[in-house]
Every structure is written in C-alpha cells, then in structure tokens.
Peer 1: 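Okay, here's the structure, questions in a sec.
Just so we're clear, the structure is a prediction, and the values are computed from it rather than from any experiment. Atoms within a ligand are numbered from 1 in the order they appear, just like the ligands themselves.
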Amino acid sequence: MKLYSTNNPEQLVDFKTAVFNSMPLDKGLYMPAEIPVLSPDFLEHIEQYSLPEIAFKVATALIGDAMPAAALKAIIDDAISFDAPLKKLDQHTQVLELFHGPSLAFKDFGARFMSRVMSYFLQEGEQLLDVLVATSGDTGGAVALGFLGVPNTRVTILYPKGKVSAIQELQLCTNGQNIQVLEVEGTFDDCQQLVKEAFADTELNAKLRLTSANSINIARLIPQTFYYFNAWAQLRRQGVERMVVAVPSGNFGNIAAGLLAQRMGLPVAQFIAATNANDTVPRFLETGVYETRKSVQTYANAMDVGAPSNWVRIMELFKGDASALKQVLKGYRFTDEETIAAIKELYARHGYIACPHTAIAWLATQAYQAEHQDSDSKGYNSDDSKAVCLFLSTAHPCKFPDALPAEIASKVIVPEVVEALKHKQRQSTSMSVNYPLFKAYLLKRPNEV
Ligand SMILES: *Cc1c(COP(=O)(O)O)cnc(C)c1O
C-alpha cells in the first residue's frame, strides 16, 4: 500500500511511515493511492464469513503488501476479538452495536488495531515509542486499553479534571503498566494544546520518539471498515437487500471509514451523518459553505467537534465534487433536548437503552425514514420489506450516565469488566496547564517501561 498526503499527492509513503507519522509534515492527511475493490465473489457470499475473516480479507486488500499474511492475521485475531452484533428494533431499523470491546466504545477497533500494527513495525532494539494522547473521555480509554502491555510502547494520557464520566476515568486510571495518566487542571482544549506543543518541540523530539494516537492515523481508520462489511454480512443472512447507514459523527473518522468501505465495493444505498449542535457538515450539505466553528458542549460530548479532522479525507474520496458527495451523504443535526427525548422514546418503544451519540444516530434514521415514506429513489422505502436503516451505536450507555434520565440510568446493566475496575488501584498525576512542567515530566521518566 502506498499513501499520499492530501496536501501533496506526488509524495508517496509506505504504510509503516504513514502509521508512525500519523500526519504528513505538510499537515495533510494520508490517503491510499489506490483503493482496491473486493472481489464480487467475496461480496456476494459475504454472509459465509465471520468478522475476523472479513477483517482479514479487507485488510489484505488494503495493506497485504505491508506485512506477511500470518502477521496481519495475528494482529487481526488479537485486536478484533469481540463482536459487533446487530439488534433489530423493527422491520426497517436495526442498531449495529460497536461497544463490546474493552473500553466499551467503537474506538476500540481503531486503537487496538493501530497499537498492534505499531508494535509489529517496532523492530528489535528500536527506541521506546511514546504515545501522547489528549482525551475528552472515549479516545483515552480506547488507546490506554489498546496499548496496555504492548511491548516497547508507553502511553501518556492527558484528560481534563472533572470533565470525564466516572467510568471513563476508571478506564483511564486503573491500568498501570505502560499507561501513565495526567489529570490536567483545565479543559480538553488545554490538554490538546499541551500535546501539540510537545509534538512541535524539537528538543523533546530529539530525545523521545513521540507519536500521536488520534483519529487521523490511517491505522485507526482501516479497521473501522471491517464492521461495515460485517454488518452487511449479518443483514445478508437475514435476507436484507439494501442498507442505509446512519453514523453519529464528530471528527468524521467513523463515517469516512464507511465511505472507504463503499469504495471497496460495500453496497450502501445512503450514508447519513448524524451530529449534535456541532453541525459543520450538515450545514455544508445544506448551504455548500464549509465553515468550521468553535465547538459547543453537548450531552453527546464525544461529538463536540467544530472542525472535523477527517473531513478532508471525505472530500478527497469525492475529489472535491460536492454534488457527487451529496448523492451519497445526507446530514442531520439534533439538539440536546431532542437527544434526551430520543433516549426516552427508544426505551419506551423498544426497551433499548442508548448512549446520547447512539440516540442521535437513531433520530437521523427516523428523520430519513420519514422523508422516504413513498419514494423508492434512494435505497430506503418503507414499503420495501428488504430495506433496512442501520444506525451505529458507538458507546455503551453506562459511559454517559449524566445524559440518561434517572429512571433509565438505573436500568443500565454495567458490564462486569467495568464493575471490576471499581476495586482496582487508581493512579494519576495532577498537572497544571503549564508546558514547561509537562515537558519536564516527560523528560524525567526513564527511557524504558
Ligand atoms: C469518538 C466518538 C464518536 C465520533 O466518532 P468520529 O469518528 O469522531 O466521527 C461518536 N460517538 C462516540 C461514543 C465516540 O466516542
């Protein structure tokens, strides 16, 4: 696999370079120079394959030349070791649950795959890899649990004090081993700023081998294509013929992976980007003007993003052709009030408890279905018994208790793995928003774990 930078299509790098750089020096994003299309034979018989088998097929097509097949298979079997089941709400609506991994969020797919790919490429005797990550909650947990115990790596997580949920905090602070946690007396933006300064600090970079684990890394994007194909396999087993997919979106990495899967041959009739009040993309789809804004805080806080970092990739897939993009992608936005009402309605109608992000995606399928009652133009038609709207559930509801009405929150069954964390020793270091202090902290640690 060769990748180019969206800011410099001439400059090709290999997969390993793209993984360790995360972002090209020209500040573009890495994109595959060629997007392979999976064989019609595989796609027509996809229902015969398991998730790890599908993952291996898809990964082989994309990055099969970057490592031996046995190594790739071992990475997949180790990283993609949990299910992504569908739950049927009604004849035309199903939810794809992506929260059955260790951090209970879809980010486990990306973080676990990326950590193992990095570890594979770290050769014997190479310098310790220092992963720095700022988190508003979900990314940190997935990265911590993804890298936990991965040889020759050390993770430093910065999170804003008092601004992550109790379960998120437990997932960050109870790991030990090669995971170190800084509780920053500031906001998420402050955390991100400290990390950015570290990456720009030449002296620091001469001493430490720093890398970022954020959602623009191509090794996080690739494994997110797996579950779209696997969802289609599950629907085919049910005899479904057409699918529409709604994705709760913040940085637009998840939906970018879906669009990549579509390019690889996955038949998706329509993608729906569902956002909270941070509606840069829905506004663009309506007005044609792409205008980023400062993010505003919502209950679906993993989607509080005013300038989606993966948007460039999506425009690149469509070579900047907004009208072609609009054929494939619709956008809807919802307020906090609508989100809470949706959580209640999902529970009342289907007995289903959704996290706020998931509830927003469900609202988008509802809106889409309401608009497509009679038309059969775009893949979904309520008269068509073989069409399904799928919405992605990106996190377990127990991670966002503050967004759940009390009577519903009390019904959430907290998975045992999380209950067990409550008895573990917690470790974190307080840090003020002060770059020299942060730098000193990074430098005073021994260069090994
Ligand atoms: C990260 C996250 C999202 C947003 O995903 P993007 O790939 O950034 O669009 C949605 N829901 C949850 C629960 C998340 O953690």
Peer 1: Among all protein heavy atoms, pick out the one at the shortest distance from atom 12 (C) of ligand 1; state its residue, atom name and that distance to 0.1 Å.
Peer 2: Thr394 OG1, 3.3 Å

Peer 1: Going by the order shown, which atoms of ligand 1 are within less than 4.0 Å of some heavy atom of Met303?
Peer 2: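 With Met303 as reference, the close atoms of ligand 1 come out as 10 (C).
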
Peer 1: Identify each donor-acceptor pair in which a side-chain atom of residues 138-147 lies under 3.5 Å from a protein atom, sequence neighbours left out, and give them as a table.
Peer 2:
residue, atom, partner, partner atom, Å
Asp138, OD1, Gln168, NE2, 3.0
Asp138, OD1, Lys399, NZ, 2.7

Peer 1: Please find out if less than 6.0 Å separates the ring center of Phe82 from that of Phe109.
Peer 2: yes

Peer 1: Would you give the length of the straight line joining atom CZ of Phe226 to atom CD1 of Ile54, rounded to the nearest 0.5 angstrom?
Peer 2: 10.5 Å

Peer 1: Is there a polar contact, in the sense of an N or O pair closer than 3.5 Å, between Ala105 and ligand 1?
Peer 2: no

Peer 1: Counting from 1, what ligand 1 atoms have a heavy atom of Ala395 closer than 4.0 Å?
Peer 2: 13 (C)

Peer 1: Would Phe106 count as a contact of ligand 1 if the rule is a heavy atom under 4.0 Å away?
Peer 2: yes

Peer 1: What atoms in ligand 1 come closer than 4.0 Å to a heavy atom of Lys107?
Peer 2: 1 (C), 2 (C), 3 (C), 14 (C), 15 (O)

Peer 1: For the residue pair Arg220 and Tyr30, would you count it as a cation-pi contact if the rule is NZ or CZ under 6.0 angstrom from the ring centre and within 45 degrees of the ring axis?
Peer 2: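 No, Arg220 and Tyr30 do not form such a contact.
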
Peer 1: Over 60° means perpendicular and under 30° means parallel, so classify the ring planes of Phe42 and Phe229, tilted if in between.
Peer 2: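 Geometry flag for Phe42 against Phe229: tilted rings.
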
Peer 1: Please identify which atoms of ligand 1 are closer than 4.0 Å to at least one heavy atom of Ser249.
Peer 2: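 Near Ser249, the atoms of ligand 1 are 9 (O).
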
Peer 1: Can you list everything that forms a side-chain hydrogen bond (donor to acceptor under 3.5 Å, both in side chains) with Thr275? Sequence neighbours excluded, please.
Peer 2: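 By the side-chain hydrogen bond (donor to acceptor under 3.5 Å, both in side chains) rule, Thr275 matches no residue at all.
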
Peer 1: Polar contacts were defined as any N/O atom of the residue lying under 3.5 Å from an N/O atom of the ligand; does this apply to His357 and ligand 1?
Peer 2: no

Peer 1: Taking N or O atoms only and a 3.5 Å limit, does Asp138 qualify as a polar contact for ligand 1?
Peer 2: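 Between Asp138 and ligand 1, an N or O pair is found under 3.5 Å apart.
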
Peer 1: Going by the atom numbers of ligand 1, which of them fall below 4.0 Å from some non-hydrogen atom of Asn251?
Peer 2: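 Near Asn251, the atoms of ligand 1 are 6 (P), 8 (O), 9 (O).
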
Peer 1: Considering both backbone and side-chain atoms of Gly250, is one of its nitrogen or oxygen atoms within less than 3.5 Å of a nitrogen or oxygen in ligand 1?
Peer 2: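 Right, the criterion is met.
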
Peer 1: Any N or O of Asn254 that comes nearer than 3.5 Å to an N or O of ligand 1?
Peer 2: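 Looking only at distances, the answer is yes, because the N/O contact criterion of under 3.5 Å is met.
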
Peer 1: Please identify which atoms of ligand 1 are closer than 4.0 Å to at least one heavy atom of Gly253.
Peer 2: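 Counting atoms of ligand 1 from 1, those under 4.0 Å from Gly253 are 6 (P), 7 (O), 9 (O).
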
Peer 1: Taking only Lys NZ, Arg NE, NH1 and NH2, and the carboxylate oxygens of Asp or Glu, determine whether Glu286 and Arg333 approach each other closer than 4.0 Å.
Peer 2: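 A salt bridge is present here (some side-chain N lies under 4.0 Å from a carboxylate O).
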
Peer 1: Are Tyr49 and Phe56 near enough that their ring centres are under 6.0 Å apart?
Peer 2: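 That pair fails the under 6.0 Å test.
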
Peer 1: Going by the angle between their ring planes, with limits at 30° and 60°, are His372 and Tyr368 parallel, tilted or perpendicular?
Peer 2: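 Because their plane-to-plane angle is under 30°, the rings of His372 and Tyr368 count as parallel.
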
